[in-house]
Amino acid sequence: MPKYYEDKEEDTRACAGVREDFKACLLQHDCVVKEGKTPSECLKEGHCKALQTSFFECKRSMLDTRSRFRGRKGY
C-alpha cells in the first residue's frame, strides 16, 4: 500500500513504496511529533516494526542469489 503524491518525483529505486511508507510512519509517529525524539531513537523503541521488517525483507531479496532465477519480489 504505497502512497503516491502528485507533486513528487517518482522514485525508481528498489523498494521505493515500502521505503516511502516506512519513512512516513516514522515521521508521523507520536514518538517523533509529540516527544521530539529522532526517528532512529523511535526505531530502537520498536515503533513501525512491521514496515521496518518489510523494508528489510525487500532489500534482502535483492541480494538473494536465488532471485536471479525467480525474479525480485515486487513490493
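These values consider heavy atoms only, across backbone and side chains, with no hydrogens, waters or symmetry-generated copies. Throughout, numbering of the chain's residues begins at 1 and tracks the sequence. No experiment lies behind these values; they were computed from the predicted model shown.
Here E20 contributes atom CD and C15 contributes atom SG; the two are 13.5 Å apart, rounded to the nearest 0.5 Å. Taking CD of Q52 as the start and NE2 of H47 as the end, the distance is 11.5 Å to the nearest 0.5 Å. Rounded to the nearest 0.5 angstrom, C31 SG and K44 NZ are separated by 12.0 Å.
Within 6.0 Å of NZ on K49 lie no more than 12 heavy atoms contributed by other residues, nucleotides or ligands.
Contact detail for V32 and L26: the closest heavy-atom pair is CG2-O, 3.2 Å. Nearest approach of L27 to V33, heavy atoms of both residues: O-CG2, 3.5 Å. Heavy atoms only, all atoms of each residue included: C48 and F22 are closest at O-CE1, 3.8 Å.
The closest side-chain heavy-atom distance from R19 to K59 is below 4.5 Å. By the 4.5 Å heavy-atom criterion applied to side chains, H29 and C42 are not counted as neighbours.
Under a 3.5 Å cut-off, the side chain of E41 and the backbone N or O of T38 do form a donor-acceptor pair.
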